[in-house]
Amino acid sequence: MSMGGESVAEYSSPVAAATADLGSCLLHDESHLAKWRVWEDDHGVELGRASHYAGSIVCAVSPGEWIVIGDRPDAADVVDLTHVRAAIRLTGAGARSLLEHVCALDLGDSMTPNGAAARTLVAGVATEIIRDDAAGEPSYLLLMSRSFARSVWERLEAAAPATSQ
Amino acid sequence: MLVIVCPHCGPRNSNEFTFLGERSTRPAVAATTPAAWRHYLYFKNNAAGEAGERWFHVSGCRRFLDVERDTLTNEIRSVRDVGEAAG
Amino acid sequence: MASYPTRYSALALLRKGVTRSDWPRAWRHHDLRSSYDVVIVGGGLHGLATAYYLARNHHITNVAVLDKAYIGGGGSGRNTAIVRSNYLTPEGSAFYDRSVRLYEGLTEDLNFNIMFEQRGHMTLAHNDASLRTMRWRAEVNKLGGIDSEVIDPAGVKELAPAIDVSDRPRYPILGALWHPPGGIVRHDAVVWGYARGADVAGAHIHQGTEVTGIDVASGRVTGVQTSRGAVAAPVVINCTAGWSTLIADMAGVKLPITTRPLQAAVTEPVQPFLDPVIVSGTLHVYVSQTARGELVFGASVDPFSSYSSRGSLGFTEGLAGHVLELMPGLSKMRLLRQWAGLCDMTPDFGPIIGPTPVAGFYVDVGWGTYGFKAGPVAGEQVAAMVANGTVPRLIASFGLERFEQGRLTAEKGAAAVGH
Amino acid sequence: MSGSRLGVQPGELIDRDRVVRFEWNGTEHHGFAGDTIASALAAGGVEVFSRSFKYRRPRGILTADYHDPNLFVQVGDEPNVRAGHRLLISGMDVTAQGAWPSLGFDARGANRLVGRFLAPGFYYKTFISPARLRPAYQKILRRFGAGGKIDPATPPAHAAKRFAHPDVLVAGGGPAGMAAALAASHRGARVMLVEENHHLGGHLLYGGPESAAALAELRALIGADDAIEVLTNAVVTGRYDHNWVGVVVRHGGEERLVKARAKCLVVAAGKIERPYVFAGNDLPGVMLSSAVRRLINLYAVAPGTRAVVATANESGDAALADLERAGVEVAAVADLRKSGSLLVRAKGRGRLTAVELSGGRTIEADLLVTAVGWTTPTSLLNMAGDRPVYDATAARFLPGEFPDDVLAAGGVVGDGSIESVVDQGRVAGFEAGRRALETGAAWQRLTPRAAPAPEVDTEPTVIPRLPAMPHPELFTGPTDGFVDFSEDVKGRDLALAAAEGYDSIELAKRYTTVTMGSIQGKLAGVNAVAVHAAATGATIATTGTTTWRPPYAPITLGALAGVDEDPVRYSPMHDWHDAHGAVPIGAGQWIRPDHYGDPAREVRNTRANVGIIDVSPLGKIDLRGRDVPRLLEFVYTNRWDSLAIGGVRYGVMCAEDGVILDDGVTARLEESRFYMTTTSSGAGRVWNWLDEWLQTAFPTWDVKTTAVTDGYAAMNIAGPRSRELLQRVASGVDASPESFPYMNARIATVAGVAECIVLRIGFTGELSYEVHVPAGYGLHVWEELLAAGSDLGIAPFGLEAQRIMRLEKGHFIVGQDTDGLTKAHTAGLAGLIKIDKPDFSGKPELVWEGEQGPPRRLVAIQPVDGSVVPAEASQIIAGGLTRGRVTSSRTSPTLERSICLAIVDTEYAAAGAELTIRLPDGRDVAATVLEHHAHVDVDGGRVRG
């Protein structure tokens with residue numbers, strides 16, 4: 001069930017606010033984005049990578065399966081993750097150091113360059129992290145189970161004051 | 001916090017994984033006896049040293065892994081996907 | 001039973017102080033005999049208590065207790081010294097009730113102050129399910145004549161003012177299982193008291209003596225090989241923890257045990273503010289304040305099996321978070337030292353006590369995270385089993401055979417709310 | 001007379017322009033910015049800072065740093081503050097600890113007189129009888145506890161933790177550590193440099209002009225290097241498996257935890273000066289040479305007015321020079337390197353007044369400086385598996401073997417000039433950088449997401465040895481004194497312990513508590529070993545050290561906890577519940593509405609009209625593929641191959657031991673698309689369980705599992721009028737009983753939302769439909785349903801009403817009505833166990849349980865007196881023994897009587913059997929076993945209607 005379907009219903013987001021300004025970085029709620037799980041990919045996106053294709057992002061964090069963010073892919077089996085996974089984007093100079101308060105992954109350029117994708121724990125919640133820099137500015141797209149989104153969002157806000165130190 | 005080098009994800013902290021204990025072989029259900037079945041259920045080698053274990057990368061790629069670990073030093077010798085464990 | 005060369009007492013202490021004379025050795029060195037009537041593997045609380053009761057209750061004194069290092073260096077010296085009997089099953093609570101009663105008399109019995117402080121034991125309930133389990137335990141305990149009851153948050157606050165009983169969604173305190181006879185003991189003192197008692201009764205305590213093999217001939221145990229030579233014995237008792245499966249393997253006996261580290265930690269001392277032992281099964285934490293003023297913490301066993309007794313940082317992080325969930329005022333206390341011990345976990349969280357397929361080879365193992373509180377009763381019952389050649393009723397449900405027979409003990413529920 | 005402030009010192013850390021006022025035991029004092037609490041008090045003439053733990057002896061400055069055992073003070077609500085380290089802040093409220101009623105007069109000081117009677121372990125030997133007095137003894141003993149006070153009302157101090165991934169982590173910011181950091185950085189490594197004190201430099205800070213020059217240069221280089229992150233007033237607390245390193249960064253009283261995965265760890269912890277064991281060695285006025293040097297050079301405080309210096313090394317000589325430069329009269333110097341030159345005893349009551357040297361020479365003095373040797377802080381190396389080796393020539397333990405990802409530099413490995421130490425540190429850092437880059441490259445190669453691994457130099461550099469200089473073996477003097485200041489343990493105590501049989505160092509430690517105090521044996525460790533070795537006729541080498549356990553320095557619980565909180569899960573309708581008076585209850589990670597005021601009313605309304613409950617936490621798994629039926633056949637005990645499209649079936653999963661794992665319904669939505677529901681708490685467990693079997697046992701099967709729990713807001717509309725409600729809001733589905741019968745599922749558009757899954761099932765024992773809505777539209781549909789049903793009397797109901805209704809219907813809850821040993825037959829599920837299936841999880845145990853018959857059974861019971869509700873877990877007894885327990889109990893608003901589920905021994909489980917229930921208050925009540933589990937809708941007419 002993706003946005004912009006025939007539905008006239010009112011969509012509600014899992015988090016309280018659409019954005020939060022944490023000083024050195026911004027949080028954006030992008031949960032409304034359509035997301036799909038497929039078991040085939042004709043773009044050749046390799047494990048651990050994420051790539052843009054015609055407005056969609058295709059990423060691979062587990063062997064033999066892909067997550068597509070954008071239009072419904074054309075595949076034999078497609079599971080709609082639009083409402084399963086919430087999406088939070090962190091953008092800004094301080095995005096990485098903020099994330100380092102809640103994520104044990106090495107987010108440095110050598111281990112997590114732009115275009116890297118991984119599933120790991122963020123604030124104790126299994127989360128897909130896609131490094132998706134925007135115009136040279138560090139940016140991370142986080143996908144996590146929708147019911148956890150509010151918790152994760154609040155943990156990020158709680159960690160923010162510490163990033164300065 | 002151990003480092004487990006997942007064959008699909010690379011080095012990760014051990015708290016991303018679930019430990020499922022030493023690997024054991026399931027007896028053929030048709031032919032099994034209570035003694036044989038309960039050895040499968042309850043009795044492990046509890047090796048002090050090289051142990052053949054099963055771990056699950058639950059917060060990562062969600063693949064089940066065969067891990068060879070030294071239980072005295074926690075040194076990990078190898079990690080393979082159950083799919084190509086034979087390899 | 002022989003008496004102590006010098007009994008301990010305030011008067012003796014005064015006399016020694018005036019005359020400045022020294023105390024006799026609490027236990028002596030002996031040459032390793034070529035044979036003993038009974039060889040006990042493991043010089044911890046269980047092994048030494050077994051030797052003590054063999055002598056005191058059954059006049060079996062030609063006994064050797066072998067330890068690869070020094071006495072009480074394993075689980076006996078690494079546990080958090082909590083004693084209680086509010087277990088879930090009738091068998092369990094009857095067994096531990098006997099242990100508590102032995103502990104209550106132990107200081108006089110051993111003429112050694114083990115500092116058993118019965119300040120009460122409180123297991124907090126944070127949700128319906130655990131409150132239900134608390135009541136389950138309380139009801140079973142009452143039927144067994146054990147002082148155990150469910151109290152409300154106000155009662156919790158009254159007994160332990162430092163605890164935050166305010167209403168909150170995540171881990172509210174809905175009540176607790178209150179067990180007045182529970183408390184803490186100076187764990188090393190129990191080991192030393194039993195060692196001194198066993199020694200004066202004639203048992204030989206051999207430290208630095210590692211068992212390297214167990215001799216079995218036609219289905220019978222005949223003795224052990226040690227780092228100091230061979231010892232013949234018709235009875236060998238495996239009283240080890242952490243290494244119990246390795247010792248049993250030497251006799252060709254398989255045990256349904258996996259070894260897991262259990263971590264503990266202690267803070268810097270502060271003035272007394274916490275009387276009872278506080279346990280939260282949901283938060284996997286237990287806390288008590290020692291006579292010295294330190295807080296002693298324990299948690300549940302590590303998430304994977306290991307023979308490494310190094311502590312982990314993650315343990316202290318989780319521990320601190322959960323302790324502060326219960327007592328937010330402690331955030332400025334400092335963690336001073338952490339350590340780990342090895343626990344032998346069984347599939348049903350019950351111990352394994354009794355004979356094995358190898359005649360003369362007995363086990364007193366699989367004590368998981370609660371071997372310390374069972375030391376006296378285990379020693380007493382194992383001694384009786386060896387002396388009489390029959391399994392006493394009190395430990396009948398803890399036999400090795402239960403696993404193949406699929407008759408697991410029902411402590412599973414209790415272990416979840418542990419310690 | 002006391003110490004006092006000196007003129008300006010070249011390297012002083014104080015800012016004389018900024019006066020800081022504070023309170024000490026209620027009286028106002030002042031110091032300068034940059035002063036520690038101790039230096040300010042010493043400058044103000046304070047000599048006694050604390051009373052000792054056992055004998056309540058007055059204690060003064062010993063080391064003047066973080067690890068000074070005599071400088072523990074209370075600052076406001078913070079206990080055990082290290083006055084030798086904590087910087088002064090204006091308005092600080094500092095008080096002495098453990099000195100009741102006052103520092104000057106200490107009633108418990110009477111202990112000193114009976115010191116002889118307080119032999120080690122005296123408490124084991126007394127208070128033995130009478131037993132009834134023991135609690136009183138115990139209370140008295142506790143009054144003697146050391147340490148400050150904690151106030152349970154202290155506001156929580158938590159700071160967010162962070163993770164770090166330095167290539168090289170250097171523990172210690174002295175010359176070797178600084179050099180190592182620079183060299184590693186030059187090699188291209190990212191470095192974290194951690195220094196315990198407030199400034200980089202170690203002993204260079206008070207080493208005179210030559211040191212100052214070297215320090216200035218090193219600091220300048222580090223300041224200019226962006227690849228080095230410098231953390232001062234921070235300490236590496238532990239090295240754990242695989243170089244997981246804990247670092248605590250301090251800001252005054254606040255502490256912050258950094259968790260670093262260091263590719264290489266360089267331990268440059270320097271040396272700790274060791275006290276000397278002799279009579280009176282704890283008198284205020286007796287100090288280590290390093291303390292004197294800190295006080296004079298860093299804080300411009302004269303440590304005394306008339307000094308005796310007992311020195312055996314360059315540190316003592318330097319202290320002597322410092323004293324002379326500072327104009328402190330030096331009455332005598334005992335060069336302990338010369339044979340026959342002895343330090344016999346320190347004399348004085350409450351503070352030092354005279355010192356006795358060899359040949360009966362007694363010199364009046366208010367300051368005695370000792371410099372008798374060093375202890376190597378091998379703590380971090382021990383945690384990496386090192387067992388230190390005693391070097392008799394150097395009179396200290398030195399590191400032995402440790403793994404490749406750990407290196408040691410500077411004072412921990414040896415001695416030397418500034419140049420040689422810096423050079424050894426430089427090479428160690430250079431090699432550390434190489435090893436780290438090699439590891440980093442290997443990790444990049446092993447990590448699909450990583451950038452291509454760079455070429456790295458694989459040629460190791462040999463690190464030069466830093467020879468440990470010869471030093472006289474000075475541990476104890478000709479008289480006995482304190483070995484452990486924080487535990488009040490003397491040499492004789494250790495000797496007595498050994499004589500009593502506590503003759504291994506670990507036993508002696510436990511018996512006397514030597515080294516177990518708050519400074520973790522940093523000062524006492526080696527002296528204790530030396531005394532114990534002498535007492536047992538062993539050597540220091542064979543006795544070995546006691547184990548250094550983490551943390552290296554104590555950490556606050558607040559730092560360890562950080563702001564981490566266990567994550568909480570919210571339903572899409574959570575805010576609506578909040579706004580409509582729902583009383584929340586934690587259910588696992590979920591926050592759910594327990595009720596909206598009156599659960600009984602909610603039940604009656606549901607049974608009479610229609611109710612709606614948010615069941616979003618229900619576990620949901622999307623199953624795709626040809627072989628899904630084979631998987632279901634294997635994980636459930638019952639049959640699945642025959643399930644038609646649109647059909648729904650209930651199933652129970654058992655583990656391999658036959659114990660019930662979970663239960664739920666699964667629908668077949670398309671030929672190869674199934675929709676499985678699980679219990680809320682079991683959702684994750686079941687998903688993992690399915691994947692485990694698929695990956696490990698059936699890798700060739702075509703089954704794809706996706707957890708979609710959060711993807712659907714689930715709401716159950718239940719009650720006789722639920723069909724009418726559904727018909728109003730749903731399109732694309734004919735809700736008539738004929739075309740949409742019980743245990744069926746349909747895809748429908750509900751309130752304008754397409755792709756909703758509607759399941760006709762009946763957990764509550766009512767006609768009911770479970771509507772699963774794409775989560776983002778959950779709130780919309782929820783509100784539409786309430787609006788559409790207003791004239792049907794719709795009202796929301798919570799978890800409690802659902803629990804009541806499911807109990808009325810006799811549905812068990814896994815984990816409440818079953819436990820860790822409950823197998824399927826026990827729960828009365830014989831009909832669902834198809835042992836004619838060739839194989840399924842837990843089959844053998846279930847076959848055997850079926851053959852022997854279950855030892856216990858789950859039954860529905862009703863107390864004869866329907867007004868009595870036996871508390872859940874009430875025991876069912878016979879002959880004084882427990883025969884079972886009540887697992888669920890409520891008052892049924894429908895039947896207006898109490899109803900229960902219970903597990904009882906099979907012999908008591910027959911329908912009609914009379915049972916006795918022991919209530920928590922001790923009363924016994926009678927109850928009857930029913931034929932079926934259901935109390936309400938026994939014939940299923942309501943659900944099937």
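Protein chains get the first letters and strands the later ones, always in sequence-line order, with residue 1 at the start of each.
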- Query: Could Asp77(A) and Lys704(D) be called an ion pair, given the rule that one side-chain N must be under 4.0 Å from one carboxylate O?
  - Reply: yes
- Message: Give me the atom names and distance for the closest heavy-atom approach of Leu779(D) to Ser12(A).
- Response: CB-OG, 3.8 Å
- For Ala453(D), is it the side chain, the backbone, both, or neither that has a heavy atom closer than 4.5 Å to a heavy atom of chain A? neither
- State, without any angle test, whether Arg569(D) and Ser151(A) hold a side-chain donor-acceptor pair at a distance under 3.5 Å. no
- Query: Between Ala160(D) and Ala159(A), which heavy-atom pair has the shortest distance, and what is it?
  - Reply: CB-CA, 4.2 Å
- Task: Can you see which heavy atom on Pro567(D) is nearest to which on Val125(A), and at what distance?
- Result: CB-CG2, 3.8 Å
- Hey, could you give me the CG/OG distance between Leu437(D) and Ser110(A), rounded to the nearest 0.5 Å? 10.0 Å
- Query: So which of Leu81(A), Leu107(A), Val78(A) has the biggest tally of heavy-atom pairs under 4.5 Å with chain D?
  - Reply: Val78(A)
- Around Asp21(A), counting heavy atoms of other residues, nucleotides and ligands shown, do more than 12 lie under 6.0 Å from its CG? yes
- Shortest non-hydrogen contact from Val84(A) toward Ala707(D): CG1-O, 3.6 Å
- Item | Over all atoms of both residues, closest heavy-atom pair of Met111(A) and Thr447(D) | CE-OG1, 3.4 Å
- Query: Any salt bridge between Arg155(A) and Asp564(D), counting N to O under 4.0 Å?
  - Reply: yes
- Query: Taking 4.0 angstrom as the limit, do Arg150(A) and Asp575(D) come out as a salt bridge?
  - Reply: yes
- Item | Which atoms of Trp443(D) approach chain A - backbone, side chain, both or neither, heavy atom under 4.5 Å | both
- Message: How about CD on Glu783(D), more than 12 heavy atoms from neighbouring residues, nucleotides or ligands closer than 6.0 Å, or not?
- Response: yes
- Task: Mind checking the NZ-CD spacing from Lys259(D) to Glu100(A)? Nearest 0.5 Å is all I need.
- Result: 12.5 Å
- Note on the structure: Counting heavy-atom pairs under 4.5 angstrom with chain D, the leader among Ala50(A), Ala104(A), Ala86(A) is Ala104(A)
- Distance-minimising heavy-atom pair for Thr705(D) and Arg37(A): O-NH1, 2.6 Å
- Item | chain D contact via Val102(A) - which portion, at a heavy-atom distance below 4.5 Å | backbone
- Message: As a quick check of understanding, evaluate ring-ring contact (aromatic ring centres under 6.0 Å, His included) for Tyr11(A) and His780(D), giving each step before the final call.
- Response: CA-CA 7 Å; Tyr11(A) 173 89; His780(D) 164 82; over 10 Å; no
- Message: Taking atom CD as the centre, does Glu565(D) end up with more than 12 heavy-atom neighbours from other residues, nucleotides or ligands that are less than 6.0 angstrom away?
- Response: no
- Calculate, to the nearest 0.5 Å, the distance between atoms NZ and CG belonging to Lys263(D) and Asp106(A) respectively. 5.5 Å
- Task: In sequence, state the C-alpha distance, the side-chain angles, and the governing distance for Tyr570(D) and Arg146(A), and then conclude on side chain to side chain contact (heavy atoms under 4.5 Å, CB included).
- Result: CA-CA 8 Å; Tyr570(D) 297 101; Arg146(A) 180 187 167 103; over 6 Å; no
- How many angstroms lie between OG in Ser145(A) and CD in Gln589(D), if you round to the nearest 0.5 Å? 10.0 Å
- Look up atom CZ in Arg449(D) and atom CD1 in Ile130(A), then write down how far apart they are to the nearest 0.5 Å. 13.0 Å
- Message: Could you check whether any side-chain N or O of His165(D) sits under 3.5 Å from a backbone N or O of Leu105(A), counting only pairs where one atom can act as donor and the other as acceptor?
- Response: yes
- When you look at CG of Asp71(A), are more than 12 heavy atoms from neighbouring residues, nucleotides or ligands closer to it than 6.0 Å? no
- Toward chain A, the part of Arg261(D) with a non-hydrogen atom under 4.5 Å: neither
- Task: Give a yes or no on whether the ring-centroid distance for His101(A) and Phe163(D) is below 6.0 angstrom.
- Result: no
- Any idea which of Ala76(A), Gly115(A), Cys103(A), Ala149(A) has the most non-hydrogen atom pairs under 4.5 angstrom with chain D? Cys103(A)
- Item | Residue Ala123(A) versus chain D: region with a heavy atom under 4.5 Å | backbone
- Task: Check whether any side-chain heavy atom of His83(A) sits under 4.5 Å from a side-chain heavy atom of Asp710(D), and report yes or no.
- Result: no
- Query: Taking Gly562(D), Ala713(D), Ala164(D), Ala775(D) one by one, which has the highest count of heavy-atom pairs under 4.5 Å against chain A?
  - Reply: Ala775(D)
